[in-house]
**Student:** 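For reference, the structure I am asking about is given below.
Numbering of residues begins at 1 and proceeds along the displayed sequence. Every number for a ligand or one of its atoms is a count from 1 in the order of the listing.
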Amino acid sequence: MFGKGSNLLSSKDLSHDDLIGIFEEAEKLLPVARKQEASDIMKGKVLATLFYEPSTRTRFSFETAMLRLGGAIISNAQMEETSSVKKGESLYDTGKVVSKFADVIVMRHPKSGSVAQLAEGSEVPVINAGDGPNDHPTQGLLDVFTIWREFGGIEGLTIGMVGDLKYGRVPHAQCELLKHFAGLKFVFVSPRELSMPREIVDDLRSAGHEVVETEDLDSVLCELQVIAHTRIQRERFESEEEYRKYKGVYVFGKDQMARCREDMILMHPLPRVDELSPEVDDDPRSKYFEQVTNGVAVRMALLKLVASGE
Ligand code: NCD
């Protein structure tokens, strides 16, 4: 059971009941995330954010969550340049040392499995804020929380994931979390070369879900209740030339929106490059800026659950 002292290294660490527990807690904290109420439940606690890879939202979101709960932060957004990694320190040692300062650690790194290595050394809970193309459990959680709130539940929905499903850690996390809810239909839209890893597809099917894969976004738009769009993950390709083959392959704009259901919700973890046109920002079905606030609430819930004195 996820709770006090737990790490969150992988989306696989969470059960159905854990998810509902986190969502209920996040729902209660939404007024604090929306700046309508104040809280001091993390007073006296310190969060360390260690980022070895670029971030705008995830780091600020965790830091905002901690500060608005009355806690404090120590932060390094350029660990690979300015920390003792430069001198050859191991992730294990970094984890051990930072855990002497902080009550909870949030870390992002370009290599799969690296957050787990740091957690080996840490004496306080460690939360994965993205490890390479592998996983991004807190983004997955805030996405699933957004769906849960919008539809009042998740069971039975038809969910489209669009973009770079091979390298995108966000769709990987979303699948791991969504699989706990019964009777879903997943529609994966990607170029064949960037399709969802086989083990995730197999896993969803064995859990009883329907999975459809296609390269053609237009042909499936009208049936989707959720569209989880993502960018082509430029930094994961071998070369710029390879990336250019896929750049701009799925652009979602007014024409696409016009073909969607009235009750569809459009999500995107951001940053967007060219795959999501600002012309649909004002459509009430576009939820990507609301997701940002939901993310603060979900991260507040996580910090509270793993590290508060309560
Ligand atoms: C995502 C990430 O870092 O994986 N961004 C985020 O955390 N909101 C998505 C992306 O970079 O495409």
Side-chain angles (χ1 to χ4, degrees), residues 8-11 26 33 49-65 75 77-80 106-115 127-147 160-178 188-191 194-197 200 226-237 242-243 246-252 265-278 281 286-300 302-303:
L8 179 52
L9 302 178
S10 162
S11 301
T49 53
L50 313 183
F51 277 60
Y52 298 76
E53 213 187 40
S55 168
T56 301
R57 270 151 296 277
T58 306
R59 190 170 60 89
F60 281 169
S61 175
F62 265 112
E63 294 178 356
T64 302
S75 179
Q78 288 168 316
M79 283 296 284
E80 71 291 356
V106 170
M107 171 183 170
R108 168 173 289 187
H109 196 283
K111 241 180 89 203
S112 301
S114 52
V115 183
I127 299 177
N128 181 357
D131 62 332
N134 184 44
D135 200 351
H136 191 352
T138 67
Q139 179 70 45
L141 272 171
L142 79 89
D143 297 338
V144 179
F145 176 62
T146 301
I147 303 173
M161 294 185 193
V162 184
D164 185 347
L165 305 184
K166 177 180 179 187
Y167 295 119
R169 56 193 173 195
V170 173
H172 301 168
Q174 289 168 341
C175 288
E176 288 299 342
L177 300 173
L178 285 167
F188 294 147
V189 184
S190 72
L194 301 181
S195 62
M196 188 64 85
I200 296 183
V226 175
I227 298 181
H229 207 348
T230 45
R231 98 193 139 86
I232 306 293
Q233 306 280 299
R234 178 184 207 149
E235 67 277 30
R236 311 281 179 224
F237 287 84
E242 191 63 18
Y243 163 68
Y246 306 108
K247 185 182 153 13
V249 62
Y250 300 116
V251 177
F252 194 102
I265 63 165
L266 174 62
M267 304 200 304
H268 194 298
L270 304 175
R272 60 178 155 190
V273 186
D274 51 10
E275 70 286 354
L276 180 57
S277 168
D281 286 1
S286 296
K287 300 296 174 193
Y288 28 94
F289 294 118
E290 226 168 292
Q291 282 173 260
V292 176
T293 306
N294 287 345
V296 176
V298 164
R299 290 176 175 122
M300 283 176 169
L302 292 171
L303 293 171

**Student:** Will you find, in the side chains of His268 and Arg231, an N or O donor that is under 3.5 Å from an N or O acceptor?
**Tutor:**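 Absent: no donor and acceptor within the cut-off.
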**Student:** Let me see the working for Arg169 and Glu235 under salt bridge (Lys or Arg N to Asp or Glu O under 4.0 Å), right down to the final yes or no.
**Tutor:** CA-CA 12 Å; Arg169 56 193 173 195; Glu235 67 277 30; 5.8 Å; no
**Student:** Show me which atoms of ligand 1 lie under 4.0 Å from any heavy atom of Arg108.
**Tutor:** 3 (O), 7 (O)
**Student:** Out of all atoms in ligand 1, which are within 4.0 Å of some heavy atom of Thr58? Include the element for each.
**Tutor:**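 Near Thr58, meaning under 4.0 Å from one of its heavy atoms, ligand 1 has 6 (C), 7 (O).
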**Student:** Please confirm whether Pro271 comes under 4.0 Å of ligand 1, counting heavy atoms of the residue only.
**Tutor:** yes
**Student:** For Arg57, counting its heavy atoms only, list the atoms of ligand 1 lying under 4.0 Å from any of them.
**Tutor:**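 Within the 4.0 Å cut-off of Arg57, ligand 1 contributes 8 (N).
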**Student:** I'd like to know if the side chain of His229 reaches the main chain of Pro269, judged simply by a donor and an acceptor atom lying under 3.5 Å from each other, with no hydrogens or angles considered.
**Tutor:**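 Pair absent, no side-chain N/O of His229 close to backbone of Pro269.
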**Student:** Tell me if a side-chain donor or acceptor on Asn128 pairs with a main-chain N or O of Leu9 at a distance below 3.5 Å.
**Tutor:**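 Present.
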**Student:** For Val115 and Asn134: C-alpha separation, side-chain torsions, deciding distance, then whether side chain to side chain contact (heavy atoms under 4.5 Å, CB included) applies.
**Tutor:** CA-CA 11 Å; Val115 183; Asn134 184 44; over 6 Å; no
**Student:** Where the closest heavy atom to atom 3 (O) of ligand 1 is concerned, which of Arg169, Arg234, Gln139 has it?
**Tutor:** Arg169
**Student:** Give the atoms of ligand 1, by number and element, whose distance to some non-hydrogen atom of Arg231 is under 4.0 Å.
**Tutor:**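 Heavy-atom distances to Arg231 below 4.0 Å select 10 (C), 11 (O), 12 (O).
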**Student:** Side chains of Phe62 and Ser55: does their closest heavy-atom pair fall under 4.5 Å?
**Tutor:** no
**Student:** So which protein heavy atom does atom 6 (C) of ligand 1 come closest to, and at what separation?
**Tutor:**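 Closest protein heavy atom to atom 6 (C) of ligand 1: Leu270 O, 3.5 Å.
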**Student:** Can you pull out the closest protein heavy atom to atom 7 (O) of ligand 1? Residue, atom name and distance to 0.1 Å, please.
**Tutor:**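 In this structure, atom 7 (O) of ligand 1 has His136 NE2, 2.8 Å as its nearest protein heavy atom.
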**Student:** Report the part of Val170 (side chain from C-beta onward, or backbone N, CA, C, O) that has a heavy atom under 4.0 Å from ligand 1; answer both or neither where that applies.
**Tutor:**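 It is the side chain that gets close, since no backbone atom is under 4.0 Å.
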**Student:** Only heavy atoms of Gln233, strictly under 4.0 Å: list the atoms of ligand 1 that pass.
**Tutor:** 10 (C), 12 (O)
**Student:** For ligand 1, which is the ligand I care about here, please tell me if Glu235 has any N or O atom under 3.5 Å from one of the ligand's N or O atoms.
**Tutor:**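 For ligand 1, there is no N or O atom that lies under 3.5 Å from one belonging to Glu235.
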